[in-house]
Amino acid sequence: MNQSNSLKVHIPQKAAYSYDLVVGNGILENADDFVKKYTNAKNFLIVTNEKVKELYGKYLKIDSAKWFVMKDGERYKNFDTLKKILDFALQQKLQRTDCIIAFGGGVAGDIAGFAASIYMRGTDFIQIPTTLLAQVDSSVGGKVAINHEKGKNLIGAFYQPKAVLADISVLKTLDLRQLKTGLAEVLKYAFIEKSCAADLNYRFYDFLNQNKEEIYNLNPEILSKTVSICCSLKAAIVNQDETEKGLRTILNLGHTFAHAIENLTNYTVYTHGEAVAAGMKMAFNLSLAKGFIDKDYYNKACKLIDDYDLIPSMQNFDKEKFYDKMFLDKKAQNGKIRFVLPSENFKAETTSDVTKEQVFEVL
Ligand code: NAD
Ligand code: GLY
């Protein structure tokens, strides 16, 4: 097997439950050995989409696997596709002791994971993420969901995979916009690092600051390290707060603003990462205005976001409409928007103590 790095997600509330998260370069071809290490399943159902199957299907050789190939796109992460996956699983006589594998970006991961969580009350589930966003975020931590016409990810569960296999070599075929969408989430980890766990000290901001060229050039060593650090920080959070009762909300830095941007533009103008990068800047502006952070840190953070060139030119939004949309955020509680804001260097906190005027100032 090519070089790889293994991390652990361990959820104390589920004493016997932890899983490995393996990051490496060129490890997809060893997937058969990998999955058999983590599940006793005899049969496998691989959920992927047309594009990923076409690009990488030939490398994922798993004995006894049946393939469900969905259409490509967020709009297919819905009840209709879910039903098709479940129908197919029944038709193939997949048993509870078998395993569903998600092979693709966050869309395949979310819908395959949700199918696994309800098929015969739960089958084994393994994530093989193929976008940067899926490798650093959606494949780790067990959030699985489909969209409802009333909103994104409204129907779902917390359902942890048995293992995650992230092969960074597949990222070479992502288009630049898709790579940047993942990078917005990568930068987010730098801004929350010190809130994740006391014993982790990657100095991730410095690492990202020094390695922009290598990351954009997909230098395998630097990219593996980047994905591993993000996964390790996310695992540290999930280990403490699997179901987002508190700490896990900090993973949403920039997202309250981002959801409003995406919703106001019908999810068609900006990618999620573009909206998150713009949202993180708004969060930094708000924190500075509230005196949570000093100007030095503010400048440093904004410079990193600018250097990575993650935000396209944004249209002017009507502030009232923008503000209204922020209440649709899943974090809103009792009629109050909850913001994740940078609180001190490389830390973030959740607060509702923000006035409408303060929000208007940063839009
Ligand atoms: P996606 O799955 O739609 O993938 C984006 C595009 O990249 C698609 O066209 C896909 O076919 C293509 N693609 C995938 N792998 C590729 C590769 N190696 N080379 C070339 N193209 C490739 O989108 P995404 O950005 O990966 O994920 C977004 C989804 O993830 C959303 O549905 C979002 O709600 C969800 N999400 C979930 C979590 C979670 O914690 N569960 C977190 C963040 C996002
Ligand atoms: N993507 C945010 C989370 O997993 O909590």
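Read the numbers this way: they start at 1 and go in the same order the structure lists the ligands and their atoms. FYI, side chains are in, hydrogens and waters are out, and symmetry mates aren't considered; it's all heavy atoms of this structure.
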Polar pairs, ligand 2 vs protein, N/O only, below 3.5 Å.
from     : atom 1 : to     : atom 2 : distance (Å)
ligand 2 : 1 (N)  : Asp137 : OD1    : 3.0
ligand 2 : 1 (N)  : Asp137 : OD2    : 3.4
ligand 2 : 4 (O)  : Lys234 : NZ     : 2.6
ligand 2 : 4 (O)  : Arg248 : NH2    : 2.7
ligand 2 : 5 (O)  : Lys143 : NZ     : 2.9
ligand 2 : 5 (O)  : Arg248 : NE     : 2.8
ligand 2 : 5 (O)  : Arg248 : NH2    : 3.3

Report task. Check whether the ring centres of Tyr189 and Phe204 lie less than 6.0 Å apart, and answer yes or no. Result -> no

**Report entry** Pairing of Lys61 and Asp32 as salt bridge, 4.0 angstrom limit
**Finding:**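 No, Lys61 and Asp32 are not salt-bridged.
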
Check: every ligand 1 N/O to protein N/O pair under 3.5 Å:
from     : atom 1 : to     : atom 2 : distance (Å)
ligand 1 : 2 (O)  : Gly106 : N      : 3.1
ligand 1 : 2 (O)  : Val107 : N      : 3.0
ligand 1 : 9 (O)  : Asp72  : OD1    : 3.0
ligand 1 : 9 (O)  : Asp72  : OD2    : 2.9
ligand 1 : 11 (O) : Asn49  : ND2    : 2.9
ligand 1 : 11 (O) : Asp72  : OD1    : 3.1
ligand 1 : 11 (O) : Asp72  : OD2    : 3.0
ligand 1 : 15 (N) : Thr130 : O      : 3.4
ligand 1 : 15 (N) : Thr130 : OG1    : 2.8
ligand 1 : 18 (N) : Thr130 : O      : 3.0
ligand 1 : 18 (N) : Val170 : O      : 3.0
ligand 1 : 19 (N) : Thr173 : OG1    : 2.7
ligand 1 : 25 (O) : Gln178 : NE2    : 3.0
ligand 1 : 26 (O) : Gly106 : N      : 2.8
ligand 1 : 26 (O) : Thr131 : OG1    : 2.7
ligand 1 : 27 (O) : Gly106 : N      : 3.2
ligand 1 : 32 (O) : Glu74  : OE1    : 2.6
ligand 1 : 32 (O) : Glu74  : OE2    : 3.1
ligand 1 : 32 (O) : Lys77  : NZ     : 2.8
ligand 1 : 34 (O) : Lys77  : NZ     : 3.1
ligand 1 : 34 (O) : Asn153 : ND2    : 3.1
ligand 1 : 41 (N) : Asp110 : OD1    : 3.0
ligand 1 : 41 (N) : Lys143 : O      : 2.8

Query - Tyr38 and Phe34 aromatic ring geometry - parallel, tilted or perpendicular at 30°/60° bounds - result: tilted

Report task. Could you list all the ring pair (Phe, Tyr, Trp, His ring centres under 6.0 Å) pairs where at least one residue sits in residues 62-113, not counting sequence neighbours? Result ->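 Passing the test, one end in residues 62-113: Phe68-Phe88.
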
Requested in this report: For residues 282-310, pull every pair meeting ring pair (Phe, Tyr, Trp, His ring centres under 6.0 Å), keeping only residues two or more places apart or in separate chains.
Outcome: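 Only Phe191-Phe284, Tyr216-Tyr308, Phe284-Tyr297, Tyr297-Phe346 qualify under ring pair (Phe, Tyr, Trp, His ring centres under 6.0 Å).
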
Query - Minimum heavy-atom distance Val164-Pro129, with the two atoms named - result: CG1-CD, 3.9 Å

Query - Cation-pi geometry met for Lys66 and Phe44 (6.0 Å, 45°) - result: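 Lys66 over Phe44 ring: no.
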
Query - Enclosure of Asp318 CG (heavy-atom neighbours >12, cutoff 6.0 Å) - result: yes

Query - Any donor-acceptor pair under 3.5 Å from Thr268 side chain to Thr265 backbone - result: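 Side chain of Thr268 to backbone of Thr265: a pair is present.
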
